[in-house]
Amino acid sequence: MQQDREILKKVKNPDTRDLGFSLLVKAYQQRLYWHIRKMVIDHDDTDDLLQDVFIKVWKNIDKFREDSNLFTWMYKIATNECLNFLKRKKNRFFLPIGDAAGELSEKLNSSSYISGSDVQLKLQKALLKLPDKQRLVFNMKYFDDMKYEEISKITDTSIGGLKASYHIAVKKIEKYIKMD
Amino acid sequence: MKLEDINKENIFKVPENYFKEFPGRLDKTMKEDKSPKSVPVFTIQNVLKMAAAAVFIIFAIVGIRQLGNQKSNSPLDILASVTTEELLAYLEDSDISTDDLLTTIDLSIMEEDDSWIEDNILLPEYELDDESIEHILNEYEIEMEYL
């Protein structure tokens, strides 16, 4: 929080705005990258979205209310960017909806920037079977070890709803993994 | 197998020096172009292009169906007698502007509810073959990446 305050102080001062933003990017690029990457799978798509996220942060930083957590605010922007990106993929005219998940699944097999055991890949493929928002909740809870309170602020969903969503996701994933 | 039996280790990798180089690339992007890199599907321009194509496709389909069902001299029937090719040629040469189209159709519904598109354009019984789709896209310079 102290680091956030220092960064914000610099970003909101016209004389140190560029320096402050540079510090912000360096401080949060990795966490935001991995959050986006787990959702969109492909590195190049992640790179584009990460740039979009930081550009939005830059344009809207003056609207950020300092009573909330800077990272939660940026996580929320990144989350919206991911969900909109995935929605656009599915809404492409003339393409069956299932193709979007299939395309992401194919990237798990073909990307040179992915390396994991068979069972890890199977877990990722199982995740792609979930609705995007449920996958998002699962990622934040399971991989990022985030608290439900924090996820609730990012997703604007009740803690009860998140717990139910995570529980259902785990059941679905375990069922998928047991197949074969 | 249970979920907890699976290694949680991150399987995704990044190119070498990616995080070292990212701030510089971002800075360059922001200086070159203040707007985000990605192109939203539903920009006004794209919606207008899609709407223009959609309106004429619907007119053509309805017209063809009407022609098959009845013969009379009503304006709708006269329109129905026009072929798709004639409609496309007319559109190309006409002075109909996107503003004109905007005043006659409600675009907001397209942005708010994607089901409108499925219900009104992607009707399964009116499926177009690949050649027709490509022809229409070419006519109105609609790029597939925006669809």
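To find a chain, count down the sequence lines: A is the first, B the second, and so on, and within it residues start at 1. No hydrogens, no waters, no symmetry mates; every other heavy atom, side chains included, goes into these values. As the structure is a prediction and not an experimental result, all values here were calculated from the model.
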Asks: Does any donor atom in the side chain of A:His35 or A:Thr79 lie under 3.5 Å from an acceptor atom in the other side chain?
Replies: yes
Asks: For A:Asp45, which atoms come within 4.5 Å of any heavy atom of chain B: side chain, backbone, both, or neither?
Replies: neither
Asks: Check step by step if ring pair (Phe, Tyr, Trp, His ring centres under 6.0 Å) holds for A:Tyr75 and A:Tyr28.
Replies: CA-CA 10 Å; A:Tyr75 228 96; A:Tyr28 291 110; 9.6 Å; no
Asks: Given heavy-atom pairs under 4.5 angstrom as the criterion, report whether the side chain, backbone, both or neither of A:Ser115 touches chain B.
Replies: both
Asks: Please identify, among A:Gln29, A:Lys38, A:Glu174, the residue contributing the most non-hydrogen atom pairs under 4.5 Å to chain B.
Replies: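 Answer, by heavy-atom pair count under 4.5 Å with chain B: A:Gln29.
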Asks: In terms of heavy-atom pairs under 4.5 Å with chain B, which of A:Phe143, A:Phe54, A:Tyr142 leads?
Replies: A:Tyr142
Asks: Considering only heavy atoms and a distance below 4.5 Å, find which of B:Asp5, B:Ile11, B:Ile6 pairs most often with chain A.
Replies: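 Result: the option with the highest number of such pairs is B:Ile11.
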Asks: In terms of side-chain geometry, is the basic nitrogen of A:Arg17 or A:Asp62 positioned less than 4.0 Å from the acidic oxygen of its partner?
Replies: yes
Asks: Just wondering, do A:Leu108 and A:Leu128 contact through their side chains at under 4.5 Å, heavy atoms?
Replies: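 Heavy-atom side-chain distance check passes, below 4.5 Å.
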Asks: What part of A:Leu123 gets closer than 4.5 Å to chain B, counting heavy atoms only: side chain, backbone, both or neither?
Replies: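 Contact with chain B involves the side chain of A:Leu123 alone.
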Asks: Centres of the A:His43 and B:Tyr18 rings: under 6.0 Å?
Replies: yes
